[in-house]
Number of protein chains: 2
Amino acid sequence: MGIIRKTKAVATVLQIFEEKDEAKSVVHLIELVKDKMNKTTVYRILDRLEQDGAIHSFNGKDGLKWYAKCEGCSASHHSDKHPHFQCTKCDKVECLPLEIKIPSIKNHKVDSTDILLIGQCEVCCA
Amino acid sequence: MGIIRKTKAVATVLQIFEEKDEAKSVVHLIELVKDKMNKTTVYRILDRLEQDGAIHSFNGKDGLKWYAKCEGCSASHHSDKHPHFQCTKCDKVECLPLEIKIPSIKNHKVDSTDILLIGQCEVCCA
DNA sequence: AAATTAATGCAATTGGGTTGCAATTACAAA
DNA sequence: TTTGTAATTGCAACCCAATTGCATTAATTT
């Protein structure tokens, strides 16, 4: 199980995700709260929040781990299948509310998908 | 530019990819040739081979970097767009000869895609 | 309010990947 | 073949994201 106690640190991290519906890398999150808590705590809180389905994680192009809270997030919808979009200019990452059709693959069973689209976001496109 | 000289080390690494058409993680590759060369050399050879289009790389579920040689590999087809499949049981990774349709996204420009399907491979499915 | 135990801070550690530099080796030119 | 030179390699040190162990703190239960 995930979160059991509602601590200040948990509230702080959660608020970051509430404020803006945008994915954040762990490195960035640690930077954001570095005056309020230890980096180890950030890692552990993110783990717990993910187990509860409050947020979900994925790997960015850079190899860093990213987390986001999005519409579909819940304890039951643990392994989200929506794609993510990372901008090569501003590095912002968004959850895309799309469903990408995966053709069935002979003799293989697909459990989940990990789709990252790389390009330029709305702001950087202009 | 990539490979300029054909050294023993390069031949050793290339042969691994020739032998079996299967992706390998860098960590695994280093392990395979650890008696023959330094890990730094492995990293550098992989870089050069990729620049030449002899192999291509992508990120596995585990966050590790993987490399593979596949049909479509060539210097011109540098950034391959085919999806990869990673088995959760045996951890094997395959290149899938599929094209996955990405719907266009409003106000976004998609340059490349990074698609990893996770599930059970032919062997582990049975 | 006291007891219990989850949560946190901190320092040390792990592990993938990179860098600087000296030594080696492939290859071209003589 | 020998020599020059520039690519390649080995090695040690380093970088940085992420994890671990353990003592301390604080949220929840009674």
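Chain identifiers are assigned alphabetically (A, B, ...) following the order of the sequence lines, protein sequences preceding nucleic acid strands; residue numbering begins at 1 within each chain. The basis for the numbers below is simple: all heavy atoms, side chains too, and nothing from hydrogens, waters or symmetry mates.
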Review point. Does A/H56 reach the main-chain N or O of A/K69 with its side chain, forming a donor-acceptor pair under 3.5 Å?
Key: no
Practice item. Figure out the CD/P separation between A/Q51 and C/dA6, and round it to whole Å. Key: 13 Å
**Study point:** Whole-Å distance separating the CG atom of A/L29 from the P atom of D/dA18
**Key:** 11 Å
Practice item. Nearest whole angstrom, please: distance from the P of D/dC16 to the OH of A/Y43. Key: 13 Å
Exercise for review: Kindly check if the number of other-residue, nucleotide or ligand heavy atoms within 6.0 Å of CD (B/E19) is above 12?
Suggested key: yes
**Study point:** Nearest-Å distance for atom pair CG/P, residues A/D52 and C/dA6
**Key:** 15 Å
Review point. Is atom CD of B/Q15 surrounded by more than 12 heavy atoms (other residues, nucleotides or ligands) closer than 6.0 Å?
Key: no
**Study point:** Footprint string (nucleotides 23-30 of chain C, 5' to 3'): B base within contact, S backbone only, - free, heavy atoms under 4.0 Å
**Key:** --BBS---
Revision key, fill the gap. Side-chain atoms of B/T41 come closest, of D/dG10, D/dA18, C/dG16, to D/dG10
Review point. Whole-Å distance between C/dC10 C1' and A/K39 NZ?
Key: 11 Å
Review point. For the residue pair B/H108 and A/F85, is the inter-centroid distance of their aromatic rings smaller than 6.0 Å?
Key: yes
**Study point:** Rounded interatomic separation in angstrom, taking CD from A/E31 and P from D/dC16
**Key:** 13 Å
Point to revise | For atom CG of A/D47 and atom P of C/dA7, their distance in whole Å | key: 12 Å
Check your understanding: Is it the case that more than 12 heavy atoms not belonging to B/E18 sit under 6.0 Å from its CD atom?
Key -> yes
Study note, to complete from the structure: Closest to the 5' end of DNA chain C, once B/L64 and A/N38 are matched to their nearest nucleotides, is A/N38
Check your understanding: Given C/dT8, D/dA17, C/dT19, which nucleotide is nearest the side-chain atoms of A/V27?
Key -> D/dA17
Exercise for review: Under 4.0 Å between any heavy atoms, over every strand shown, what does B/I30 touch: base, sugar-phosphate, or nothing? Just pick one.
Suggested key: nothing
Exercise for review: Count the heavy atoms of every other residue, nucleotide or ligand shown that sit under 6.0 Å from NZ of B/K92, and state whether that count exceeds 12.
Suggested key: yes
**Study point:** Contact under 4.0 Å: B/R44 side-chain N or O vs C/dG20 OP1/OP2
**Key:** no
Exercise for review: Please work out if A/K65 contacts a base, only the sugar-phosphate, or nothing of the nucleic acid, heavy-atom cut-off 4.0 Å.
Suggested key: sugar-phosphate
Check your understanding: Given the rule that I, L, V, M, F, W and Y join up when any side-chain heavy atoms are under 4.5 Å apart, are A/L96 and A/I118 in one cluster?
Key -> no
Study note, to complete from the structure: Separation of D/dT9 atom P from B/L46 atom CG, nearest Å, is 11 Å
